Structures are given as structure tokens and as C-alpha cells.
Amino acid sequence: MTLAPRIVPSVLPADFARLGEVCRDLEVAGVDRLQFDVMDGRFVPNLTFGPDVIAAVRSWTTVPFEAHLMVEEPDLLAHRYVEAGCGIVIVHAEACRHLHRTLGLVRELGASPAVALNPATPASAVAHVLDLVDLVLVMTVNPGFGGQAYLGSMEPKIAEVRSMIDRSGRQIDLEVDGGIAPDTIAGAAAHGADVFIAGSALFRDPEGFAHAVTDLRTRAEAARR
Ligand code: DX5
């Protein structure tokens, strides 16, 4: 069953000199959560937020935080991001030698375990861990940078993961991330996504955060089947 659409900004495009204020402003704009794109310069060719940066902005807002760990060794880092205030920890299937064990570790830390799939990774990679996760993230770009073009070719995979989730009988968020914008969100929603990560499209809306959040949510609602 697809839940009501949730809009979750990636703060990757934010002015990092004002990150706390931006997080506060995004809460005021009505976002459902905030996502921090954690990159280690190894799993992806970019370097971003350490746990201390997230801890520093935790008190600026009350919305839940999710850490998208685009890192080579999530087992070594997950606890730092939970301690920093992230209630959801997303690990990449491609980065986990023992994905089943890593997801269990996240649950033991008291966070919601989530697994991300890069564009080339089949939906079947999560077939045997759906009982362990609260969220599956289907990447609609190759990870590492914001502002990339949405990969419409991922829509059949979104639909496949939606079917797997529905057959599991568990309440699992189906999140998409990458190139989500007014002209692409409907396709992702129509294929079964219910959580939408938006970075550049949200930050560049000339009418501001609240307009962007409402517009994206409305478009996703209208596209649901
Ligand atoms: C890729 C990042 C981006 C970011 C959103 O590694 O995960 O997808 O969150 O970027 P936009 O919305 O600008 O494509």
C-alpha cells in the first residue's frame, strides 16, 4: 500500500555557512524529514558531511533526520550518525559485504534501517532483507552529486520494488533520490514511490521552499495510482 507522498529535501545544495538556519526554514516550509548526503570520497567521488556537522544542526529543527551513507564501510560509521541525531540510516547494498548483518546493526543502534540501490543494481538485491528494513531507496541518478538528470529508466525498477514491498505485507517506505523535480516526480509516484528526495529543484524554486514542497507534494498526489 502506497502511503501519502512525503517530501524530503537533500540539504546538499544548501549554503553550508547557514546550514542550521536552512534546516529551520525547511521545517517551517513543511518538509517531512531532512536528508544528509554523506559521502566519503571513496564510494562516490565527493566528500560531504561528517557526523559533527549533523550534530551541530540537530537542535535547529525538530524534523527527523536521515543519513544517506554513500560510504565504503557503513558498519564503521553508522553509530556516529545515529549519535549525531539521524533516526534513519540508509546504507548502499553495493557497499555492504554482509548487508543482512549491517541492517541488523542499524536496528540494534536504535535507528530505522534502510537500503539504497544504485541504478545498475537490480531490485532482487533487497529480496532477502525486506523483513529488516523500514525504507528502500531507489536511486534515480548515479550517486555523488546533486543537479543530475532524472533517470526515467529506473521507473520499472521502482514498480518492481513497489510490488515486492506490497507482497511483503510490511510498511516500508519506497524512496527515490536524484533529479526529482516538478517535471519528473509524477513518473516516480505513478510507479509506486512515496518518499521523494529533492535537492536542486527545491532549492532553486523562485517562489521559495514552501511553494516547492507544496507543489511537489501536490504533483505526487495527483500521479498516484
Ligand atoms: C546524489 C545525491 C542527490 C541529492 C539530490 O548522490 O543523493 O541525488 O540527494 O540531488 P538533486 O535533487 O539535485 O538531483
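When a ligand or atom number is given, it counts from 1 through the structure's own listing order. Because the structure is predicted, anything quoted here is derived from the model rather than measured.
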task: List the steps and the verdict of salt bridge (Lys or Arg N to Asp or Glu O under 4.0 Å) for Arg33 and Glu66.
output: CA-CA 7 Å; Arg33 303 196 284 261; Glu66 57 181 67; 2.7 Å; yes

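Between His68 and His92, the ring-plane angle classifies as parallel under the 30° and 60° cut-offs.
Using a cutoff of 4.0 Å between basic side-chain nitrogens and carboxylate oxygens, Arg101 and Asp75 are not scored as salt-bridged. Ion pairing between Arg107 and Asp134 holds under the 4.0 Å rule for side-chain N and carboxylate O. Using a cut-off of 4.0 Å between Lys/Arg side-chain N and Asp/Glu carboxylate O, Glu21 and Arg18 are scored as salt-bridged. Salt bridge annotation for Asp183-Arg219: absent, with no cationic side-chain nitrogen under 4.0 angstrom from a carboxylate oxygen.
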What are the polar N/O contacts of ligand 1 with the protein below 3.5 Å, with distances?
| from | atom 1 | to | atom 2 | distance (Å) |
| --- | --- | --- | --- | --- |
| ligand 1 | 6 (O) | Gly144 | N | 2.6 |
| ligand 1 | 7 (O) | Asp37 | OD1 | 3.0 |
| ligand 1 | 7 (O) | Asp177 | OD1 | 3.4 |
| ligand 1 | 7 (O) | Asp177 | OD2 | 3.1 |
| ligand 1 | 8 (O) | Asp177 | OD1 | 2.5 |
| ligand 1 | 9 (O) | Ser10 | OG | 3.3 |
| ligand 1 | 9 (O) | Asp37 | OD1 | 3.4 |
| ligand 1 | 9 (O) | Asp37 | OD2 | 2.8 |
| ligand 1 | 9 (O) | Asp177 | OD1 | 3.1 |
| ligand 1 | 12 (O) | Gly199 | N | 2.8 |
| ligand 1 | 13 (O) | Gly147 | N | 2.9 |
| ligand 1 | 13 (O) | Ser200 | N | 2.9 |
| ligand 1 | 13 (O) | Ser200 | OG | 2.5 |
| ligand 1 | 14 (O) | Gly179 | N | 2.8 |

